[in-house]
2 protein chains.
Amino acid sequence: MALTRNTKAQEEVLKLMQETPHTLTVDEICEKIPLQVNKTTVYRMLERFVAAGKVHFITSSDGKAHYALCTSCKHQHTLHNHIHFQCTACGTVDCLPDKVEIPVLPGYQMKETQFLIIGICTKCAAVGKE
Amino acid sequence: MALTRNTKAQEEVLKLMQETPHTLTVDEICEKIPLQVNKTTVYRMLERFVAAGKVHFITSSDGKAHYALCTSCKHQHTLHNHIHFQCTACGTVDCLPDKVEIPVLPGYQMKETQFLIIGICTKCAAVGKE
DNA sequence: AATAAAAACGCAACATAGTTGCAAAATATT
DNA sequence: AATATTTTGCAACTATGTTGCGTTTTTATT
Ligand SMILES: [Zn+2]
Ligand SMILES: [Zn+2]
Ligand SMILES: [Zn+2]
Ligand SMILES: [Zn+2]
């Protein structure tokens, strides 16, 4: 399932995601985008991006979906073995360059992976020490 | 924050969790428990269990919380480095014995970890091959 | 056993994230 | 320009989880 049409809304969302150094929730996208776009539209758009392998998402511990462009995962679209860090102080969720060794699980069929570490990010930790 | 009082409801929930080989959601607990317990009560109960280090939870990719007793994590209550497997066929989420090497992240303060692999579990994969 | 304090519970109302159906608008194709 | 298909907006809805508050249960004290 690939993207078939170019729209202003899609362009804007992709541009915002390229310019943002961390993951974004649907609400954040709706807020920060210069164009007014309905949340349902953003949900369905992201669904298409994920299906096309352009975007992946990580579910934070409180159950919200955070979306990011697929940059380090050119070949394996589904098995994202990089780590995500959720900061409980500033609320951001980041894609980290650090990767995890995915173990072999005989008998299981892996489709997707989500590695999440929760804590205080470097910025917030630095502020705390001042 | 430790448990201070024993109640029928808490006993039943712990017993159910001990007897169940996979994680449980709050709704599943409310359904399967022989005693009628309000969902708010179960939520608060699990919150206490988690704070006491008796229980941990994993958030599935669709944002639901799945709870399990802490068995393999006697010492480090928060950093659960075992893997969780979410089956998209039967919906179950399991604690697997397989563990992940948690990388060192300089500058970050880790509090909690959630490692999730999504796919088809051994049981459902076997059924598919018949 | 009666009393009192604290913890746990139930209920209703609420908050939020995400979904669905359908009609309208935008895009690509002829 | 006409047509077919994709994408969008809206409103209503579902589901998970939370909050406030009054009541009940548990436990400790008298
Ligand atoms: Zn932070
Ligand atoms: Zn990522
Ligand atoms: Zn299964
Ligand atoms: Zn577990």
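We name chains A, B, ... by the order of the sequence lines, and we start the count at 1 in each one. Remember, predicted model here, so these are calculated numbers, not experimental data.
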Hydrophobic cluster identity match, A:I118 and B:I117, side-chain contacts under 4.5 Å: no
Separation of atom CG in B:N38 from atom P in C:dA12, rounded to whole Å: 9 Å
Partner residues of A:S60 under the side chain to side chain contact (heavy atoms under 4.5 Å, CB included) criterion, sequence neighbours left out: A:D62, A:K64, A:H66, A:Q86, A:V93
Test side chain to side chain contact (heavy atoms under 4.5 Å, CB included) applied to A:C90 - qualifying residues, sequence neighbours left out: A:C87, A:T92, A:C121, A:C124
Those residues that, when tested against B:N81, pass side chain to side chain donor-acceptor pair (under 3.5 Å) (two or more places apart): none
Separation of C:dT19 P from A:K39 NZ (nearest whole Å): 10 Å
Residue pair A:Q10 / A:R48: nearest heavy atoms and the distance that separates them: OE1-NH2, 2.7 Å
For B:T122, all residues meeting side chain to side chain donor-acceptor pair (under 3.5 Å), sequence neighbours excluded: none
Sequence-aligned protein contact record of nucleotides 20-30 of chain C, with B where the base is within under 4.0 Å of a protein heavy atom and S where only the sugar-phosphate is: BBB---BBS--
By salt bridge (charged side-chain N to carboxylate O under 4.0 Å, His left out) - contacts of B:D27 (at least two apart): none
Nearest-angstrom distance from the residue atom OH of B:Y43 to P of C:dA13: 19 Å
Spacing of A:E12 atom CD relative to D:dT8 atom P, expressed in whole Å: 12 Å
Distance in angstrom units between B:M45 CE and D:dT18 P, rounded: 15 Å
Report each atom pair, protein N/O against N/O of nucleotides 2-4 of chain C, whose distance is under 3.5 angstrom.
none

Any pair counted as ring pair (Phe, Tyr, Trp, His ring centres under 6.0 Å), so long as it reaches residues 93-116 of chain A, sequence neighbours left out: A:Y108-B:F85, A:F115-B:F115
Partners passing side chain to side chain contact (heavy atoms under 4.5 Å, CB included) against B:T20 (at least two apart in sequence or in another chain): B:L16, B:H22, B:L24
Partner residues of B:T59 under the side chain to side chain contact (heavy atoms under 4.5 Å, CB included) criterion, sequence neighbours left out: A:T59, A:S61, B:F57, B:Q114
Inter-end axis angle, the helix from C:dA1-D:dT30 to C:dT30-D:dA1, with every axis fitted to five base pairs (rounded, 10 degrees): 30°
Residue pair B:I83 / A:P103: nearest heavy atoms and the distance that separates them: CD1-CG, 3.0 Å
Separation of atom NE2 in A:H66 from atom C1' in C:dT16, rounded to whole Å: 13 Å
B:H84 and B:H56 aromatic ring geometry - parallel, tilted or perpendicular at 30°/60° bounds: tilted
Whole angstrom value for the distance that separates C1' of C:dA15 from NZ of A:K64: 11 Å
Same apolar cluster: B:V37 and B:V55, side chain cutoff 4.5 Å: yes
Value in whole Å for how far the P atom of C:dT19 lies from CG of B:D62: 9 Å
For DNA chain C, the residues among residues 19-37 of chain A that have a non-hydrogen atom under 4.0 Å from it: A:D27
